[in-house]
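One structure below.
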Amino acid sequence: MVRLLVLGLLSRKPMSGYEIQQFLQLSHTEKWANILPGSIYHALKKMEKEELVEVQAVKHTGHRSKAIYGITPAGKEEYRRRLKETLRTPSVALPIAFYIALSYLDDLPREEVKAALDEQIARVEAERDLWLTGKAAKEEAWPLPEVIQAAFASAREHFEVHLRFLRTLRRLLDTEPKPLVDFPLDEIGRD
């Protein structure tokens, strides 16, 4: 994802690693995309070796210098390839491990399960709020195209659907008698 993001930004205009970082911080992209600042510089150096980007200029300020990177023709091809590949790839990520864990809810004390669900609800709410903060920051910086507005609406709905699910589970823990999950394992292997 870092490579796609960096190539996409450099396809718009040449930038330094610092400028890329600033854009990601302003838009809160580094948080929801889980991009560490050092990964930008690592990606730039690696893509420079692969001749996907090149240093177009070096700006000096006092004792510091910063490289301004631009995308190469090979980088534009790689960018288009990655962009098409990403757009073709189904992107709904189901919480499979969580679903599996639900099958074994009765193996933990209810209070531990409740505490774990409460913690997950708080984390998902915080992530949702981070997305909303990012949207607000982007809207303050520039008008959001309809496609980006639709992406934010979709992300928010994903968060809300998952939160409704988690809250339903939490209510079931308070209202349903034990056991919550009872598989007829005795039936397996009978002829």
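The first residue in the sequence is number 1, and the count goes up from there. Side chains are part of it too, since the values below use all heavy atoms of this structure and drop only hydrogens, waters and symmetry mates.
Atom-to-atom distance recorded for Leu44:CG and Met47:CE is 5.0 Å, nearest 0.5 angstrom. The CG atom of Leu166 lies 12.0 Å from the CZ atom of Phe159; values are rounded to the nearest 0.5 Å. To the nearest 0.5 Å, the span separating CG on Leu4 from OG1 on Thr86 amounts to 5.0 Å. Rounded to the nearest 0.5 Å, atoms CD1 (Ile40) and CZ (Arg3) are 12.5 Å apart. Atom CG of Leu172 and atom CG of Leu117 lie 10.0 Å apart (nearest 0.5 Å). With rounding to the nearest 0.5 angstrom, the CZ atom of Arg80 is 9.5 Å from the CG atom of Leu83.
A heavy-atom distance below 4.5 Å is found between the side chains of Tyr69 and Lys45. At least one side-chain heavy atom of His162 sits under 4.5 Å from a side-chain heavy atom of Pro95. Here the side chains of Glu50 and Lys46 are in contact, with some heavy-atom distance below 4.5 Å. At least one side-chain heavy atom of Tyr104 sits less than 4.5 Å from a side-chain heavy atom of Ile100. Side-chain contact between Met15 and Val6 is absent, with no heavy-atom pair separated by less than 4.5 Å.
A salt bridge links Glu85 to Arg81: one of the charged nitrogens lies within less than 4.0 Å of a carboxylate oxygen. Between Arg123 and Glu127 no salt bridge is recorded (no basic side-chain N to carboxylate O distance below 4.0 Å). The pair Lys114-Glu111 meets the salt-bridge criterion, since a charged nitrogen lies less than 4.0 angstrom from a carboxylate oxygen.
The closest donor-acceptor contact from the side chain of Glu19 to the backbone of Ser16 lies under 3.5 Å. A distance-only check finds no donor-acceptor pair linking the side chain of Arg156 to the backbone of Leu132 [under 3.5 Å]. Counting only distance, with no hydrogens or angles, the side chain of Thr72 and the backbone of Leu52 share a donor-acceptor pair below 3.5 Å. A donor-acceptor distance shorter than 3.5 angstrom exists from the side chain of Tyr41 to the backbone of Tyr18, with no hydrogens or angles considered. Using a distance-only test at 3.5 Å, with no hydrogens or angles considered, no donor-acceptor pair links the side chain of Ser154 to the main chain of Ala151. For Ser39 (side chain) and Ile35 (main-chain N/O), no donor-acceptor pair under 3.5 Å exists by modelled atom type.
Crowding of Glu146 atom CD: a count of heavy atoms from other residues, nucleotides or ligands under 6.0 Å not exceeding 12. In this structure, Gln56 places its CD atom where more than 12 heavy-atom neighbours from other residues, nucleotides or ligands lie under 6.0 Å away.
Trp131 and Ile148 fall within the same hydrophobic cluster, defined by Ile, Leu, Val, Met, Phe, Trp and Tyr side-chain heavy atoms under 4.5 Å apart, directly or through other members. Hydrophobic clustering, with ILVMFWY side chains joined whenever heavy atoms are under 4.5 angstrom apart, groups Ile96 together with Val92. There is a path of hydrophobic side-chain contacts, each under 4.5 Å, that joins Leu105 to Leu94. Note on Leu87: it clusters hydrophobically with Leu9, by side-chain heavy-atom contacts below 4.5 Å among ILVMFWY residues. Hydrophobic clustering keeps Met1 apart from Leu130 (ILVMFWY residues linked when any side-chain heavy atoms are closer than 4.5 Å, directly or through intermediates).
What you find for Gly8 and Ser11 is that their closest heavy atoms are O-OG, 2.7 Å.
Residue pairs meeting the salt bridge (Lys or Arg N to Asp or Glu O under 4.0 Å) criterion with at least one member in residues 158-173, sequence neighbours excluded: Asp118-Arg170, Glu125-Arg167, Arg128-Glu160, Glu157-Arg164, Arg170-Asp174.
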**Asked** Would Val113 and Leu169 satisfy side chain to side chain contact (heavy atoms under 4.5 Å, CB included), going step by step from the backbone distance to the final call?
**Response** CA-CA 10 Å; Val113 175; Leu169 292 174; over 6 Å; no
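Considering Leu5, Ile71, Ile68 in turn, Ile71 is the only one that fulfils the side-chain contact (heavy atoms from CB on, under 4.5 Å) rule with Leu10.
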